[in-house]
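Here is the structure we will look at.
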Amino acid sequence: MRMTSLLLPTEREAPADAEALSHVLGVRAGLIRQLGAGLWTWLPAGWRVHERAVGIIREEMNAIGGQEVLIPVLQPRDLWRRTGRGDLDEQFRLEDRKGSEMVLAMTHEEPMTFHMAQLVRSYRDLPKILYQFQTKGRDEPRPRAGVLRTREFIMKDAYSFDRDADGLEESYARHITAYDRIFDRAGLEWYRVESDVGMMGGSGAHEYMAPCPAGENEVALAPGYAANVEVASAEPQPVQLPAPSAAPQEVSTPGLTTVDQVSGHLGVPAGALLKAFPVVGETSGRLTLVLVRGDHRVNEVKLRNHLGEPVRAAHPAEIAAQIGPVGFIGPVGAQVPVVADLAIAQTGQGGWVAGANRPDAHLTGVEPGRDFAFEAADVRTVEEGDLVGGVPLRIEPAIEVGNIFRLGTRYSEPLGATFLDEAGVERPIVMGSYGIGPARIAAATIEQRADESGISWPRALAPWQVHVVALGKGAGPERDAAEVLYEQLLAAGIEALFDDRDAGAGEKFADAELLGCPLRITVGRRSLEEGHAEAQGRRSAVTLPGVPLGDGAVAAVTDLLAQLA
RNA sequence: CGGGGCGUGGCGCAGCCUGGUAGCGCACCUGCUUUGGGAGCAGGGGGUCGCCGGUUCGAAUCCGGCCGCCCCGACCA
């Protein structure tokens, strides 16, 4: 591709509203442009990257027996009502001219299962893996960071159909194989982490996380351990409790309502406090008092999974009516169920500090079990430095680039996707679903590999393998030699971008570094006289061996490319 | 949805407080010079100042309403 004809609007300055690196560089390098909140257009160079990611995914999905299909984005809302998903907040809804209710697909479990319900009759029709690359519409509460979280995006979504749980395990394992290869080939640093299965039930799920500063998730990492912080468990760091006493002692803590104030006033570590967090079940309406250590935070995902329903923080009025004065509540004497985090329950010690359920007062010397009844559960968020297998945990922000999910019969049952087994018994198909966001692969790659000058693509994702820069404005020997080299590369099937613009050397180099093709070949007066062009890898400042012009050029470039990642 | 911020040529911004000819840098067009790290000189084109309404002789500027976009949080099967 010649840059004189390419639509590549590079910018010297970052857009004022861009924060994330992938957002800034995506716009500056001319890959993407914004149409509206969470709505992004892929320009030619950016789309080439996206399609390279798609190509890798397609190859690996085919390699595990996946079959590619294409399902409409526009769908009857009724289908979604049948699975109880006709009213989701994130769902784009519309009507056709006849007034029929339609939705834009957020994902494609419903239509996929709908088809399979009609097409699968017998256990002989299973297993199957079907996938597609298709647009998803999600009315996100807050789109952000360029293409990282958008309201419309392309997802590779795959669905597995098996006769039983063992079959699902096999399909699930195949996807792990494919996904591991996909993210390796894309050149990402990634982790496969345990993730929340949500309220959908199912027997487990994993997310593929690419660490990067703009990530919206947090992953907890230790050797041999990787989990989304939403579900991560670890051994807490110890805390020195004050000496126990025979019975709780009331102490005056006037106006002291925060953990810091109380621990400072009493001269005890924050971790010696029992932080009381009253929650109300969204469906049951039941109030529960959750206790975590004063230096810990309640993990709402783990809490929700433990209680079996979503929860919200209790309102001050509810707290005052059922437990005690806000700021001074505690488990002792509280007439509500108490859930104590394992970091408290497992110590078996006394000496804790808790609210006294009386204004301006706390209790010291509190001992769980003796002074109040509780149910023990792991409901806290892990902290950096907590131990897993004796090794301190670290926590990193990451982008979710893919997920794999055991669905079970969540969709096959309501949509009547069944088959007859050998015994003639009708059974629901056991399903899995598996997503990957190619745009997030591109964004995560930018985040992980960019430097001060711009993007640095791995060969697997680069929009072009070679960026040929002709120096010298207008016609001249450099331009002629570069022209010949460019044509040779094209003829040899090497994807090359040719900077044939009448621009200064600095501008051409700056644009080449911004765009980040793996190999830059410069044809300039300096080396032309000796009959060669200069080669520069994007990732290193080291000048590579020169490329001879003429017959050996293609072979030399091929060699250089082989040395680059 | 709560909090904060911003809307002025393609991009980045000033002007608004204190109403009176819409400005700067980059980019763009023409010519000449220049040509290995975002060139110089000269000339030139391009803006409903987000939208609607109000105040005023006069509104980018003041007032009201609306819309859009960004950031933080909530949220994100």
Side-chain angles (χ1 to χ4, degrees), chain A residues 7 9-20 23-24 27-28 30 33-40 80 83-91 105-110 136 138-146 148-151 153 155 157 195-202 205 207 214-217 228 230 300-301 304-305 310 312-313 399-400 403 405-408 410-411 431 433 435 437 440 452-454 469-479 482 499 501-514 520 522-529 533-534 536 541 543:
Chain A
L7 179 64
T10 57
E11 295 291 342
R12 189 180 296 207
E13 295 180 84
D17 54 19
E19 205 77 9
H23 181 186
V24 170
V27 172
R28 283 195 56 212
R33 278 293 160 102
Q34 186 170 22
L35 186 63
L39 301 171
W40 287 84
W80 289 68
T83 58
R85 301 211 295 174
D87 273 302
L88 300 178
D89 287 342
E90 291 191 354
Q91 192 168 52
M106 311 173 46
T107 174
H108 283 76
E109 277 87 2
E110 278 80 357
K136 313 297 173 199
R138 296 185 186 179
D139 196 358
E140 290 285 347
R142 185 153 101 82
R144 59 178 290 274
L148 230 48
R149 177 167 292 279
T150 54
R151 294 196 294 175
F153 61 99
M155 178 189 275
D157 48 321
S195 70
D196 179 37
V197 295
M199 298 306 286
M200 314 302 301
E207 291 164 336
E216 347 178 72
N217 296 93
N228 192 317
E230 286 181 347
E300 290 197 34
V301 171
R304 178 238 285 160
N305 289 339
R312 61 169 171 80
I399 299 177
E400 180 186 351
N403 61 57
F405 203 102
R406 295 179 178 97
L407 288 175
R410 165 70 178 81
Y411 295 93
M431 294 175 57
S433 78
R440 285 188 171 180
E452 319 71 47
S453 308
V469 176
L471 296 181
K473 290 188 182 174
E478 298 100 325
R479 180 65 57 87
D499 195 341
R501 297 174 301 170
D502 284 328
E507 189 175 349
K508 291 184 177 182
F509 291 150
D511 276 350
E513 281 150 14
L514 190 54
R520 187 178 89 202
T522 305
V523 181
R525 199 175 45 203
R526 213 183 260 171
S527 63
L528 187 57
E529 291 157 4
E534 294 148 55
Q536 171 93 63
T543 302

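Numbered from 1 within each chain, the chains take letters A, B, ... in sequence-line order.
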Which part of the nucleic acid, if any, lies within reach of A:Gly524 when heavy atoms closer than 4.0 Å are counted: base, sugar-phosphate only, or nothing?
-> base
In Watson-Crick or G-U wobble terms, with both distances under 3.5 Å, the base opposite B:C41 is B:G31
What is the distance, rounded to the nearest whole Å, between atom CD of A:Gln91 and atom P of B:C75?
-> 21 Å
Is it true that A:Arg410 and A:Glu109 have a side-chain N and a carboxylate O under 4.0 angstrom from each other?
-> no
Find the distance A:Asp499:CG to B:G36:P and express it as a whole number of Å.
-> 15 Å
Send over the distance from A:Glu140 CD to B:C70 C1', rounded to a whole Å.
-> 16 Å
Step by step, work out the salt bridge (Lys or Arg N to Asp or Glu O under 4.0 Å) result for A:Glu19 and A:Arg144.
-> CA-CA 9 Å; A:Glu19 205 77 9; A:Arg144 59 178 290 274; over 6 Å; no
Select one nucleotide: of B:G10, B:G36, B:C76, the one nearest the side-chain heavy atoms of A:Arg149.
-> B:C76
Judged by nearest nucleotide, the residue sitting upstream toward the 5' end of RNA chain B, A:Arg520 or A:Glu19, is A:Arg520
A:Glu90/A:Arg149 under salt bridge (Lys or Arg N to Asp or Glu O under 4.0 Å): CA gap, chis, key distance, verdict | CA-CA 13 Å; A:Glu90 291 191 354; A:Arg149 177 167 292 279; 5.6 Å; no
Would you indicate which nucleotide in B:A77, B:G37, B:C72 comes nearest to any side-chain atom of A:Ala505?
-> B:G37
Which whole number of Å gives the distance between the C1' atom of B:U61 and that of B:G19?
-> 6 Å
Counting any heavy atom closer than 4.0 Å, what does A:Ala20 reach on the DNA or RNA strands: base, sugar-phosphate only, or nothing?
-> nothing
In the structure shown, which nucleotide is the Watson-Crick or G-U wobble counterpart of B:G73, with both distances under 3.5 Å?
-> B:C1
Donor-acceptor under 3.5 Å (A:Lys508 side chain, A:Thr522 main chain) | no
Is there a donor N/O on one and an acceptor N/O on the other, under 3.5 Å, for the side chain of A:Glu507 and the base of B:G37?
-> no
Identify whether any heavy atom of A:Asp89 sits under 4.0 Å from a base atom; if not, whether one sits that close to sugar-phosphate; answer base, sugar-phosphate or nothing.
-> nothing
Would you mind telling me which of B:C71, B:C69, B:G37 lies closest to the side-chain atoms of A:Phe509?
-> B:G37
Taking only residues two or more places apart in sequence, or in another chain, which ones meet A:Ser453 in a side chain to side chain donor-acceptor pair (under 3.5 Å)?
-> none
Hey, is the main chain of A:Ala470 close enough, under 3.5 Å, to the side chain of A:Arg479 for a donor-acceptor pair?
-> no
Write down the distance between CG (A:Leu35) and P (B:G68), rounded to a whole number of angstrom.
-> 14 Å
So, is A:Arg142 near the phosphate of B:A74, with a side-chain N or O under 4.0 Å from OP1 or OP2?
-> no
Using atom P of each nucleotide, how far apart are B:C29 and B:G10 to the nearest Å?
-> 15 Å
Could you tell me which nucleotide pairs with B:C16 by Watson-Crick or G-U wobble geometry, both distances under 3.5 Å, or answer none if nothing does?
-> none
Would you classify A:Glu478 as touching base, sugar-phosphate or nothing, given that sugar-phosphate means primed atoms plus P, OP1 and OP2, and contacts are heavy atoms under 4.0 Å?
-> nothing
Assign A:Thr150 to base, sugar-phosphate, or nothing according to its heavy-atom contacts below 4.0 angstrom with the strands shown.
-> nothing
Using atom CG of A:Asp87 as one end and atom P of B:A77 as the other, report the distance to the nearest whole Å.
-> 17 Å
Checking only heavy atoms, does the side chain of A:Arg85 share a donor-acceptor pair with the base of B:A77 at less than 3.5 Å?
-> yes
Scan A:Glu13 against the nucleic acid and name what it touches under 4.0 Å (heavy atoms): base, sugar-phosphate only, or nothing.
-> base
Distance-only polar pair, side chains of A:Glu207 and A:Asn228, donor-acceptor under 3.5 Å | yes
Determine the contact category for A:Pro15: base if any of its heavy atoms lies under 4.0 Å from a base atom, sugar-phosphate if only primed atoms, P, OP1 or OP2 are that close, otherwise nothing.
-> sugar-phosphate
Residue matched to B:G25 through Watson-Crick or wobble contacts both under 3.5 angstrom | B:C11
Quick one: salt bridge (charged side-chain N to carboxylate O under 4.0 Å, His left out) partners of A:Arg33, sequence neighbours excluded?
-> A:Glu11
What is the distance from CG of A:Leu471 to P of B:G38, rounded to the nearest Å?
-> 13 Å
Partner nucleotide, any strand, of B:G53 [Watson-Crick/G-U, under 3.5 Å] | B:C63
How long is the line joining NE2 of A:His23 and C1' of B:C69, in whole Å?
-> 10 Å
Between B:C13, B:A74, B:A77, which nucleotide has the shortest distance from any of its atoms to the side chain of A:Ala16?
-> B:C13
Distance between the P atoms of B:A39 and B:G7, in whole angstroms?
-> 30 Å
B:G50 versus B:G15 - spacing of their P atoms, nearest Å = 15 Å
Using a cut-off of 4.0 Å on non-hydrogen atoms, how would the nucleic acid contact of A:Ala503 be classed: base, sugar-phosphate, or nothing?
-> nothing
Whole-angstrom distance between B:A22 and B:G40, as gauged at atom P | 30 Å
Using heavy atoms to find the nearest nucleotide of RNA chain B for A:Leu39 and A:Glu513 separately, return the residue whose nucleotide is more 5′.
-> A:Glu513
B:C62 and B:C16: how far apart are their P atoms, nearest whole angstrom?
-> 9 Å
Of all the choices, B:G38, B:G36, B:C69, which nucleotide is nearest to the side chain of A:Asp17 once you look at every atom?
-> B:C69
Using side-chain contact (heavy atoms from CB on, under 4.5 Å) as the criterion, point out the one residue from A:Leu88, A:Thr150, A:Thr107 that pairs with A:Arg138.
-> A:Thr107
Could you tell me whether A:Arg28 contacts a base, only the sugar-phosphate backbone, or nothing, with contacts defined as non-hydrogen atoms closer than 4.0 Å?
-> base
For B:C6, give its Watson-Crick or G-U wobble partner with both distances under 3.5 Å, or none.
-> B:G68
Phosphate oxygens OP1/OP2 of B:C70: is one of them under 4.0 Å from a side-chain N or O of A:Gln34?
-> yes
C1' atoms of B:C63 and B:C17, separation to the nearest Å = 15 Å
Would you indicate what A:Ala510 reaches in the nucleic acid, counting non-hydrogen atoms under 4.0 angstrom: base, sugar-phosphate, or nothing?
-> base
CE of A:Met106 versus P of B:A77: gap in Å, rounded?
-> 8 Å
Nearest-angstrom distance, P atom, B:G23 to B:G46 = 12 Å
Counting side-chain heavy atoms from C-beta on, which of B:G10, B:C76, B:G36 comes nearest to A:Glu11?
-> B:G10
